[in-house]
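Note that the structure is a prediction, hence the values are computed from the model and not measured.
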Amino acid sequence: MIIRDGKIAQVEITQCDTHYPQSDIDPVLPNEVIAKQSADVDFVSGATLSSYAFAMAVQQALDQAQNPNDKG
């Protein structure tokens with residue numbers, strides 16, 4: 001994830017270990033994060049667990065960006 005001027009500028013899925021292929025959620029969810037500026041994305045039908053895992057990863061990245069010294 002790239003944050004530029006306090007806004008999410010780019011989101012890239014770098015690892016996908018879910019049952020369904022990455023193509024089920026990419027580029028739909030990364031684009032939605034940029035549009036909404038939030039990890040609060042609409043889950044993709046048929047890829048609910050992949051969507052959930054993606055949203056959690058985005059939220060963790062946002063939390064880490066806000067608190068870089070917190071290893072959580």
Side-chain angles (χ1 to χ4, degrees):
M1 177 179 312
I2 296 174
I3 298 176
R4 189 176 298 122
D5 298 325
K7 294 190 179 227
I8 302 168
Q10 182 179 351
V11 177
E12 180 179 345
I13 299 173
T14 57
Q15 182 178 354
C16 185
D17 296 327
T18 59
H19 177 71
Y20 294 98
Q22 180 175 329
S23 62
D24 286 354
I25 59 172
D26 191 6
V28 174
L29 295 185
N31 289 341
E32 191 171 339
V33 168
I34 294 167
K36 288 185 171 184
Q37 292 294 298
S38 168
D40 185 23
V41 294
D42 295 327
F43 288 4
V44 174
S45 179
T48 303
L49 293 177
S50 298
S51 299
Y52 178 79
F54 173 81
M56 292 296 98
V58 169
Q59 188 59 57
Q60 288 175 351
L62 290 172
D63 292 345
Q64 181 65 31
Q66 290 177 346
N67 303 301
N69 295 325
D70 183 11
K71 302 299 179 194

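Scanning for salt bridge (charged side-chain N to carboxylate O under 4.0 Å, His left out) contacts around D40 gives an empty result, with sequence neighbours left out. Shown here are the side-chain contact (heavy atoms from CB on, under 4.5 Å) partners of A57, two or more places apart in sequence or in another chain: there are none. The side-chain contact (heavy atoms from CB on, under 4.5 Å) check on L62 picks up M1, I3, I8, A39, V58, Q59, with sequence neighbours excluded.
K36 and D42 get closest at one heavy-atom pair: NZ-OD1, 3.6 Å.
Among pairs with a residue in residues 5-31, none fulfils salt bridge (Lys or Arg N to Asp or Glu O under 4.0 Å), at least two apart in sequence or across chains. Residue pairs meeting the salt bridge (Lys or Arg N to Asp or Glu O under 4.0 Å) criterion with at least one partner in residues 53-68, sequence neighbours excluded, are absent. For residues 47-57, the side-chain hydrogen bond (donor to acceptor under 3.5 Å, both in side chains) pairs, not counting sequence neighbours, are T18-S50.
Using a 4.5 Å cut-off on side-chain heavy atoms (C-beta onward), F54 and P30 make contact.
Residues M56 and L49 do not share a hydrophobic cluster, clusters being chains of Ile/Leu/Val/Met/Phe/Trp/Tyr side chains in contact below 4.5 Å.
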